[in-house]
2 protein chains.
Amino acid sequence: MRPGINATQTERIIQALERAGYQATPNRRLVAELVASADGHFTAAHLLDRGRRERVTIGRATVFRALDLLTTLRVVERLDLPSGSHAYVLCDPDEHHHHLICSSCGRSEDVADGELPALIERIGRRSGYRIEAHRLELFGTCPRCAGAEADR
Amino acid sequence: MRPGINATQTERIIQALERAGYQATPNRRLVAELVASADGHFTAAHLLDRGRRERVTIGRATVFRALDLLTTLRVVERLDLPSGSHAYVLCDPDEHHHHLICSSCGRSEDVADGELPALIERIGRRSGYRIEAHRLELFGTCPRCAGAEADR
DNA sequence: GGCCGAATGATACCAGGTCTCATTCGGTGC
DNA sequence: GCACCGAATGAGACCTGGTATCATTCGGCC
């Protein structure tokens, strides 16, 4: 097994695939491993690169298709970084949450805040809109990076 | 003057440019007019299209450059639609706010909620992150579109 | 072992956006 | 009014992220 692979996470992803009735093909396993071992957010290009460095060949389209699949299974979510580019993060499919992203190292954390729904409901009432979806993204510096910064 | 142009908005945009020390060239004026008369959010391609239909020639790069400029002046903001594509909206540069976007007609409204900062501060404290930026986007159906739907 | 639909890879393609570079424009000093 | 210089422009090449097409291959099931 490759170094840095988180076997439990990989299994979790594979199981999500199988539970939804998709084949756990070698390619999808590979993508699952790459995703599970990514530290923080990543892009499709990033996965392809890592794959290539480990001498595994996998088509670009296949990676995109796998990410798509994982996105619809909510195992992975697509982020819009402030730069305007897209990235993906591994996350918990079971509860609604938002992402807190470290702008320095890219690590991401799921945050659930119980009060956001109330706030959104209030905005809906005030504006007359029927609010159907929302997205909250938080960007900052994680404790580890903040510590490293302070050390210098 | 073109039909549907909101002269006051156009002037507001031009003034923001001049205040920041940029030339209010005919091209930038044109972009300002197109932006001011857009109903809801729009893309660069959309502006180019409208320009072309009105037989005005303006380079693609110029439109992107103008939008960039307006974005840094905060007269316009870039949105990330749920589809993953980008759009721009005209908005108020003077106060921090978020966008409420009608998924049916694309109209967008600025919303300011006084309680969000407190919520974010709480998340920061709980997670240990130093939160530096955030983005909240709300998607739904505006009263007008909801009404039209109900009529059918 | 054979069948069939799902998965794959190569490749072409598309959209949104950026870069480059030669040209033109506009404001300023004279 | 004119010359000058930096800012703005347009054309087009280019890049990146992502999608569509299509022939081939794979995997699970009978």
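Quick caveat, the model's predicted, so the values are computed rather than measured. Chain identifiers are assigned alphabetically (A, B, ...) following the order of the sequence lines, protein sequences preceding nucleic acid strands; residue numbering begins at 1 within each chain.
Applying the 4.0 Å criterion to OP1 and OP2 of D:dT9, one finds that B:N27 has a side-chain N or O inside that range. Distances shorter than 4.0 Å separate some side-chain N or O of A:Y88 from OP1 or OP2 on D:dG18. Close to D:dT9, at under 4.0 Å from its OP1 or OP2, lies a side-chain N or O of B:R28. Side-chain nitrogen and oxygen atoms of B:T62 include at least one within less than 4.0 Å of the OP1 or OP2 phosphate oxygen of D:dG10. Distances shown here put every side-chain N or O of A:T25 at or beyond 4.0 Å from the OP1 or OP2 atom of D:dG27.
Between the side chain of A:S127 and the backbone N or O of A:I123, at least one donor-acceptor pair lies under 3.5 Å. Between the side chain of B:D110 and the main chain of B:H98, no donor-acceptor pair closer than 3.5 Å is present.
The interatomic distance linking B:Q23 (CD) with D:dA7 (P) rounds to 9 Å, in whole Å. Across the protein-nucleic acid pair, A:F64 atom CZ and D:dG17 atom C1' stand 5 Å apart, rounded to whole Å. Distance CG (B:L30) to P (D:dA8): 16 Å, rounded to an integer number of Å. Look at CZ on B:R29: it is 15 Å from C1' on D:dA8, rounded to the nearest Å. C:dG17 atom C1' lies 16 Å from atom CG of B:L69, rounded to whole Å. Nucleotide D:dC15 holds its C1' atom 16 Å from the CG atom of A:L48, rounded to whole Å. Put simply, NE2 on A:H86 is 12 Å from C1' on D:dT16, counting in whole angstrom units. Between the CG atom of A:L67 and the C1' atom of D:dT19 there is a distance of 14 Å, rounded to whole Å.
One can find a donor-acceptor pair under 3.5 Å joining the base of C:dG17 and the side-chain atoms of B:R60. Not a single donor-acceptor contact under 3.5 angstrom links the side-chain atoms of B:R65 to the base of C:dG17.
The two residues B:Y88 and B:V76 have their closest heavy-atom pair at CD2-CG1, 3.7 Å.
When each of B:D68 and A:G21 is assigned the nucleotide of DNA chain C bearing its nearest heavy atom, the one mapping closer to the 5' terminus is A:G21. Toward the 5' end of DNA chain C, the nearer of the two residues B:R78 and B:A24, judged by each one's closest nucleotide, is B:R78.
Here the nucleotide nearest the side chain of B:A61, chosen from D:dG27, D:dA11, D:dA20, is D:dA11.
Annotation: side chain of B:R107 is in contact with side chain of B:R144 (closest heavy-atom distance under 4.5 Å).
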Go through the steps for A:H96 and A:H134 under the test ring pair (Phe, Tyr, Trp, His ring centres under 6.0 Å), then give the verdict.
CA-CA 11 Å; A:H96 178 75; A:H134 65 273; 4.8 Å; yes
